[in-house]
**Q** 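Submitted below is the structure of interest, expressed as structure tokens.
Start at 1 and go down the list; that is how both ligands and their atoms are numbered. Computed over heavy atoms, backbone and side chain alike; hydrogens, waters and symmetry mates excluded.
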Amino acid sequence: MAQDDSTLQFDDKGNLRHLLSLQGLDASLLTELMDEAEGYLTAPGALPVRSQSLAGRTVGNLFFEPSTRTRASFDLAGRRLGADVLNLDVNTSSRKKGESILDTIYTLEAMQVDIMVVRDASDGVPAYIARHVAGHVSILNAGESDVSHPTQGLLDLLTIRQHNPDFKNLVVAIVGDIQHSRVARSASEALQTMGVGELRLISPPVLAPSEGRFPGARIIHTLAEGLKDADVVMALRIQRERIGNLDGVPGIDEYFANYGVSRESIKVAKPDAIVMHPGPMNRGIEIEGALADSPRSVITKQVRNGVAVRMAVLNRIGKMMSMR
Ligand code: NCD
């Protein structure tokens with residue numbers, strides 16, 4: 001993200017207007033969003049929280065890359081706050097016929113879509129759109145290439161806080177295809193803003209991040225060293241769709257043997273360490289299925305938190321809009 005994009009996120013009164021990245025969101029704003037998200041959580045089996053705070057507003061979901069969790073949770077979050085939600089079918093949208101992204105955006109703007117949730121495979125698309133939309137429209141980044149995925153970063157932060165709110169004394173280990181992961185980028189930004197004790201990024205050398213991509217993190221290539229005494233272990237998928245040349249990327253068995261997060265490999269972590277995964281999971285490759293289903297796994301909690309965090313973000317944007 002270019003330097004001034006973090007200021008683009010706020011309006012002239014300092015309110016969050018677009019959510020493009022977690023860079024530029026300070027610890028108090030991250031905390032407020034997490035606190036608000038907590039308020040949207042109800043016990044399993046209970047009815048979800050509903051409000052009419054976005055009644056009259058329209059949220060458009062524009063996902064130009066596949067998505068299950070993020071898209072479904074933005075959809076539910078918008079509906080539970082009383083908004084109309086439009087899910088654009090990208091396979092039949094005119095962008096497939098060569099329409100530029102801005103023409104698609106202006107079309108939705110003309111239909112009075114106020115909040116556009118955008119996922120795209122290219123760098124810079126959310127900020128580019130944010131620079132071109134009308135003054136009353138907000139853009140929420142739902143996954144930008146390998147650059148950022150801010151609501152995922154927020155839900156990961158909340159899930160970690162529920163385990164242990166003492167960020168300064170936590171060791172967080174993220175394992176997998178770090179170089180191509182927007183999830184790792186946003187989680188790292190959020191954790192560092194909260195002053196995380198130690199952030200470790202573990203991957204085979206071929207999937208390690210390029211120089212300067214994760215300032216302040218420890219880059220490690222051996223799983224046992226990376227997981228030692230960790231409080232939080234997050235496994236990530238190999239993002240094959242973002243890797244031009246797969247030469248040198250370990251095969252499935254070799255990968256699982258050396259970097260698979262499993263009941264065996266996690267033995268060196270803290271006895272109460274939690275296991276996270278943003279999904280979609282490849283069982284038996286980056287994570288052992290039995291571990292993903294075990295009590296230490298907080299993977300379904302992450303999904304629950306995802307709806308709550310998106311409600312918190314949407315509600316804040318809605319409040320900003322109604323203050324105009
Ligand atoms: C991730 C994504 O799309 O960046 N998934 C998600 O949003 N829950 C991770 C992935 O695709 O591996």
**Q** Any cation-pi pair here, Arg310 with Phe74, using under 6.0 Å and within 45°?
**A** yes
**Q** Which protein heavy atom lies closest to atom 7 (O) of ligand 1, and at what distance to 0.1 Å?
**A**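 Scanning the protein heavy atoms, the shortest distance from atom 7 (O) of ligand 1 goes to His149 NE2, 2.8 Å.
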**Q** So for ligand 1, is Pro280 a polar contact partner (N or O within less than 3.5 Å, distance only)?
**A**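 The answer is no, given that Pro280 and ligand 1 share no N or O pair closer than 3.5 Å.
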**Q** Side chains of Thr104 and Glu99: donor-acceptor distance under 3.5 Å anywhere?
**A**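 On atom types as modelled, these side chains qualify, holding a pair under 3.5 Å.
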**Q** Strictly by modelled atom types, are Asn87 and Asp75 linked by a side-chain donor-acceptor pair under 3.5 Å?
**A** yes
**Q** Within a distance under 4.0 Å of any heavy atom of Gln152, pick out the atoms of ligand 1 and give their elements.
**A** 6 (C), 7 (O), 8 (N)
**Q** List ligand 1 atoms under 4.0 Å from Val183, heavy atoms only on the residue side.
**A** 1 (C), 4 (O), 9 (C)
**Q** Looking only at distance, does Pro278 have an N or O less than 3.5 Å from an N or O of ligand 1?
**A** yes
**Q** Do the charged groups of Glu225 and Arg218 touch, with an N to O distance under 4.0 Å?
**A** yes
**Q** For the backbone of Leu20 and the side chain of Gln9, can you confirm whether one donor and one acceptor N or O come within less than 3.5 Å of each other?
**A**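 At least one qualifying donor-acceptor pair exists.
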**Q** With a heavy-atom distance limit of 4.0 Å, tell me whether Leu236 approaches ligand 1 through its side chain, its backbone, both, or neither.
**A** neither
**Q** With distance as the sole test, does Asp177 use its side chain to make a donor-acceptor pair with the main-chain N or O of Gln239 at under 3.5 Å?
**A** yes
**Q** Within a reach of under 6.0 Å around CG of Leu246, are more than 12 heavy atoms found that belong to other residues, nucleotides or ligands?
**A** yes
**Q** Considering only non-hydrogen protein atoms, determine which one is nearest to atom 10 (C) of ligand 1 and report residue, atom name and distance to 0.1 Å.
**A**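 So the nearest neighbour among protein heavy atoms is Gln239 NE2, 3.3 Å.
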**Q** Provide, to 0.1 Å, the distance between atom 11 (O) of ligand 1 and the closest protein heavy atom, together with that atom's residue and name.
**A**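 For atom 11 (O) of ligand 1, the nearest protein heavy atom is Arg237 NH2, 2.9 Å.
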**Q** Please report which non-hydrogen protein atom sits nearest to atom 4 (O) of ligand 1, along with the residue it belongs to and the distance in Å to one decimal place.
**A**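 Nearest protein contact, heavy atoms only, for atom 4 (O) of ligand 1 is Arg182 NE, 2.7 Å.
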**Q** Are the side chain of Ser148 and the backbone N or O of Ser186 linked by a donor-acceptor pair below 3.5 Å?
**A** no
**Q** For atom 6 (C) of ligand 1, find the nearest protein heavy atom and state the residue, atom name and distance (0.1 Å precision).
**A** Gly279 O, 3.6 Å
**Q** Could you tell me whether Glu65 approaches ligand 1 through its side chain, its backbone, both or neither, with non-hydrogen atoms closer than 4.0 Å?
**A** neither
